2 protein chains.
Amino acid sequence: MTKINDRKTEIITVAAKLFKEKGYSAVTMRDIAQAMDIKAASLYNHIKSKQEILVLIIVEIAEEFTQTMDEVVHSEESTIKKIEKIIQLHIDITLRDANALACLNNDWMHLSDTELAYFIKMREEYEENFRTIIKKGIADNEIKNLNLEVIIFSILSTLRTLYLWYGKKKSPDSKTLTSNMIQVLLNGIVIH
Amino acid sequence: MTKINDRKTEIITVAAKLFKEKGYSAVTMRDIAQAMDIKAASLYNHIKSKQEILVLIIVEIAEEFTQTMDEVVHSEESTIKKIEKIIQLHIDITLRDANALACLNNDWMHLSDTELAYFIKMREEYEENFRTIIKKGIADNEIKNLNLEVIIFSILSTLRTLYLWYGKKKSPDSKTLTSNMIQVLLNGIVIH
DNA sequence: AAATAAAACTAACAGTTGTTAGTTTGCTAT
DNA sequence: ATAGCAAACTAACAACTGTTAGTTTTATTT
């Protein structure tokens with residue numbers, strides 16, 4: 001029972017790493033197998049298809065984002081505190097599972113029918129919740145009355161591509177990252 | 001002469017659009033041909049290989065970024081003015097050629113040997129130049145003394161993924177985009 | 001009208017793809 | 001020891017890949 005899961009998990013981990021490097025379509029089942037020192041056919045003792053691997057990588061993380069965002073939206077904190085929690089959410093998941101996050105960002109379009117629709121729904125829900133938070137912040141005079149979409153995508157695009165930066169030589173440690181990120185995204189970089 | 005170029009340009013444009021949607025590896029020569037209402041073999045009257053298409057899409061734009069960044073670095077303006085020019089550069093290219101930009105961002109790793117090395121060199125040069133600008137800004141007391149890498153990747157990741165947002169229903173017009181983007185990235189979103 | 005060249009076509013290739021069927025290996029519990 | 005079973009293997013498939021060769025169509029120039 002645990003053995004099956006262990007091996008399956010291993011496939012998913014290895015696949016996620018390869019998908020990050022070359023993208024879903026460029027990675028073959030033989031690539032994944034070779035990285036595990038087995039033959040491609042052996043993978044099918046553990047997984048149903050290449051598609052299933054992608055689904056398992058993406059959906060779990062997407063659900064985690066969706067759920068935490070839902071909790072944040074319905075909490076009774078200040079807008080700034082909410083945004084800080086969202087920043088923290090992205091940093092946490094990036095540090096824990098950068099490869100899966102890369103897949104979610106780059107390979108979601110290779111999900112098929114049902115899962116694709118599910119993913120898109122979650123992503124739209126996530127963005128809409130973010131929009132709600134910022135709108136309330138503007139109404140409450142916590143956030144500057146700038147173009148809503150520009151605010152949303154400035155923050156989200158940075159958070160979503162964190163996986164690209166983390167792990168590089170020059171990337172800061174977790175604590176420095178969090179506090180500096182909050183500073184930069186909320187208060188800007190210019191001295192007045 | 002112009003006719004050859006026209007058809008070749010058309011291939012590159014169509015390919016860039018498809019590459020943006022599904023990624024380089026998932027797009028076949030038959031896909032590109034079908035989108036142009038011809039057969040795959042006919043493409044080879046105009047281009048040498050699938051690889052060449054990718055190179056033509058990516059390298060030209062990468063060189064434009066590199067060159068303009070070089071001009072900005074060596075100019076005698078304030079740091080803030082320099083950053084504003086870089087923001088403008090990204091917005092301009094995004095509005096002009098979002099598809100090619102998507103390729104550059106997602107498919108650069110499928111370039112082969114020579115071009116891959118060339119691309120990576122340009123990208124590192126670009127980031128290093130950006131680093132130089134921010135460092136000087138901090139030294140001159142124009143920019144807050146926050147973690148250099150966090151500043152760099154907050155701004156760059158937003159600018160680099162602009163292509164994902166532009167064209168959507170809710171995305172603002174060009175002027176609103178530029179001014180709001182400068183506001184958000186430089187001054188932040190919080191009211192103090 | 002004939003000649004030339006560009007750009008489309010058909011047919012096919014050799015290699016790669018995800019996946020299946022059937023078989024062998026190696027560990028675990030009786 | 002042996003039965004049972006998870007997990008590896010080999011061999012093969014049909015479909016698809018980028019690309020080439022050779023041919024026909026289309027458009028332009030003489």
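Quick caveat, the model's predicted, so the values are computed rather than measured. Quick note on labels: first sequence line is chain A, next is B, and so on, each numbered from 1.
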message = Contact list please: residues 15-34 of chain B against DNA chain C, heavy atoms, distance less than 4.0 Å, in numerical order.
response = B:Arg30
message = Among residues at least two apart in sequence or on other chains, which ones pass side chain to side chain contact (heavy atoms under 4.5 Å, CB included) with A:Tyr166?
response = A:Thr94, A:Leu95, A:Ser171, A:Leu177
Identify each atom pair where a protein N or O and an N or O of nucleotides 8-10 of chain C are less than 3.5 Å apart, giving names and distance.
| unit_1 | atom_1 | unit_2 | atom_2 | d |
| --- | --- | --- | --- | --- |
| C:dA8 | OP1 | B:Arg7 | NE | 2.7 |
| C:dA8 | OP1 | B:Arg7 | NH2 | 2.8 |
| C:dA8 | OP2 | B:His46 | NE2 | 2.6 |
| C:dA8 | N7 | B:Asn45 | ND2 | 2.5 |
| C:dC9 | OP2 | B:Lys39 | N | 2.5 |
| C:dC9 | OP2 | B:Ser42 | OG | 2.9 |

task = Keeping the roles fixed (side chain from A:Asp31, backbone from A:Thr28), state whether a donor-acceptor pair exists under 3.5 Å.
result = yes
ask   = Would B:Glu77 and B:Lys85 pass as an ion pair if we require N to O under 4.0 Å?
value = yes
key: Separation of atom CD in A:Glu52 from atom C1' in C:dT20, rounded to whole Å   = 16 Å
key: Spacing of B:Asp6 atom CG relative to D:dA27 atom P, expressed in whole Å   = 16 Å
message = Could you check whether B:Glu52 pairs with B:Lys8 (Lys NZ or Arg NE/NH1/NH2 to Asp/Glu carboxylate O, under 4.0 Å)?
response = yes
message = Donor-acceptor pair, distance only, cut-off 3.5 Å: does the side chain of A:Glu115 make one with the backbone of A:Val55?
response = no
ask   = If you measure from the Lys or Arg side-chain nitrogens to the Asp or Glu carboxylate oxygens, is any gap between A:Glu64 and A:Arg96 under 4.0 Å?
value = yes
message = Can a side-chain donor-acceptor contact be found between A:Gln88 and A:Glu84 if the only test is distance below 3.5 angstrom?
response = no
Electrostatic pair B:Lys168:A:Glu124 at N-O distance under 4.0 angstrom = no
Rounded distance in Å - CD1 (A:Ile53) to C1' (C:dT19) = 12 Å
Separation of atom OH in A:Tyr44 from atom P in D:dA8, rounded to whole Å = 15 Å
